[in-house]
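Working notes, structure below.
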Amino acid sequence: MESGFPQTRLRRLRYHAGVRRLIQATRLSPANLILPLFARPGKGVRRPIASMPGHAQLSVDLIAEQARTAAKLGLGGIILFGIPAEKDPLGSDSYSESGIVQQAVRAAKDAAPDLLVLTDVCFCEYTDHGHCGALDDHTGRVDVNNDRTLELLAQQAISHAQAGADIVAPSGMMDGMVRAIRQGLDGAGYEHLPIMSYAAKYASAFYGPFRDAAESTPQFGDRRTYQMDPAAAAEQALREVALDLAEGADFLMVKPALAYLDILRLIADRHPGVPLAAYNVSGEFAMVKAAAERGWLDERAVALESLVAIRRAGAEIILTYWAPEVARWLAE
Ligand code: PBG
């Protein structure tokens, strides 16, 4: 039993910066952060992303440079997204040996062999219609065909593995995607390669700036038939997670992060010991940047507080566009 005031004064735990530091239970480290990067064709090309200040679509040579920087900063890794030269209905660049992501993976691994290189396994950046898989209308309604997409996802993951990816991260929210990818990888001799599943990924307006960055806005409709409804019971996330674990997921992810801290805590409590990641998405980054540009918020303080909150909610790993800055801030 806690004795009350005046025996107990919790301000004693805060009265000195050293005491506060001593009892910190949540600490940020660059080792837990993963930096998303966008690869595009060309050489020496840096095309800034207007809604994500400081970030740009980069040609493969510049991805290599960023990989070297990430390694020097001690980041946990990078995750690569590709913007291909040509899009088509099946997103075939995504599983081509000469695809943009495959080139970027090889360049990053050459430049920084010890840095973890993750790949986002999805189709929305590669399809001309912008959806996360192969379309069909056999139900009289155009939608992504789940099982046809599974075959293509396996193919894509194998091709990322062949290029040298260290972890594959499927983000399409197809039913059975982890199993299909696991079977594909195992069949191709990559049984050692981990899968980080975007297990609880919500249909979120916070992806807006990313869709500019990745040129992946759906050409019609939206993603609500595959991504989760923010208003669904929180426990639906547990069902997604249970299925992904049963299918062989090694890491779990929740996305977005800040509006879904309850989901993170729920999963962390239910599955202690399963590494849990959170994606601090483009919109979460952009709104702080925009407010900071107007002098309305202190970017550094807000970013660090947000990332601490995400870790405190149960995520060991954070994918964040602030990763390089955080590494520099923490080193100061
Ligand atoms: C899908 C994917 C998306 C993001 C990561 N992977 C976009 C989407 O589902 O529309 C969003 C990341 C962000 O907003 O930062 N390949």
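Side chains included, hydrogens not; waters and symmetry mates left out as well; all remaining heavy atoms used. One-based numbering, in listed order, for ligands and for the atoms of each.
If you check each of Pro218, Ser282, Cys132, Ala203 against atom 14 (O) of ligand 1, the one with the closest non-hydrogen atom is Ser282. For the residues Tyr207, Phe210, Tyr321, the heavy atom positioned nearest atom 15 (O) of ligand 1 is part of Tyr321.
Under the 3.5 Å distance criterion, with hydrogens and angles disregarded, no donor-acceptor pair is assigned to the side chains of Gln227 and Ser204.
The minimum heavy-atom distance linking Ile83 with Pro41 is given by the pair O-CD, 3.2 Å. When all heavy atoms are compared, the tightest approach of Glu191 to Arg182 is O-NH2, 3.4 Å. A pairwise comparison of heavy atoms in Glu125 and Phe210 identifies OE2-CZ, 4.5 Å as the closest pair.
Of all atoms in ligand 1, numbered sequentially from 1 with element shown, those under 4.0 Å from a heavy atom of Arg223 are 8 (C), 9 (O), 10 (O). Contact atoms of ligand 1 toward Cys122: 16 (N) (distance under 4.0 Å to a heavy atom of the residue). Here is the list of ligand 1 atoms found below 4.0 Å of a heavy atom in Gln227: 8 (C), 9 (O). Residue Glu125 approaches ligand 1 through these ligand atoms, each under 4.0 Å from one of its heavy atoms: 16 (N).
For atom 1 (C) of ligand 1, the closest non-hydrogen atom on the protein side is Lys201 NZ, 3.2 Å. Ranking protein heavy atoms by distance to atom 6 (N) of ligand 1, first place goes to Lys255 NZ, 3.1 Å.
Heavy-atom separations between Phe285 and ligand 1 are all 4.0 Å or longer. The shortest heavy-atom distance from Cys124 to ligand 1 is under 4.0 Å. Heavy atoms of Glu284 come nearer than 4.0 angstrom to ligand 1 in no pair at all.
Glu65 has no carboxylate O lying under 4.0 Å from a charged side-chain N of Arg46, or vice versa, which leaves the two without a salt bridge.
Shown here are the side chain to side chain contact (heavy atoms under 4.5 Å, CB included) partners of Arg224, two or more places apart in sequence or in another chain: Ala203, Asp222.
His55 and Tyr321 have perpendicular rings, their planes meeting at more than 60° on a 0 to 90° scale where under 30° would count as parallel.
Residue-level proximity to ligand 1 for Tyr279 is carried by the side chain, the only part with a heavy atom below 4.0 angstrom.
Annotation: cation-pi pair Lys201/Tyr207 present, NZ/CZ under 6.0 Å from the ring centroid and within 45° of its normal.
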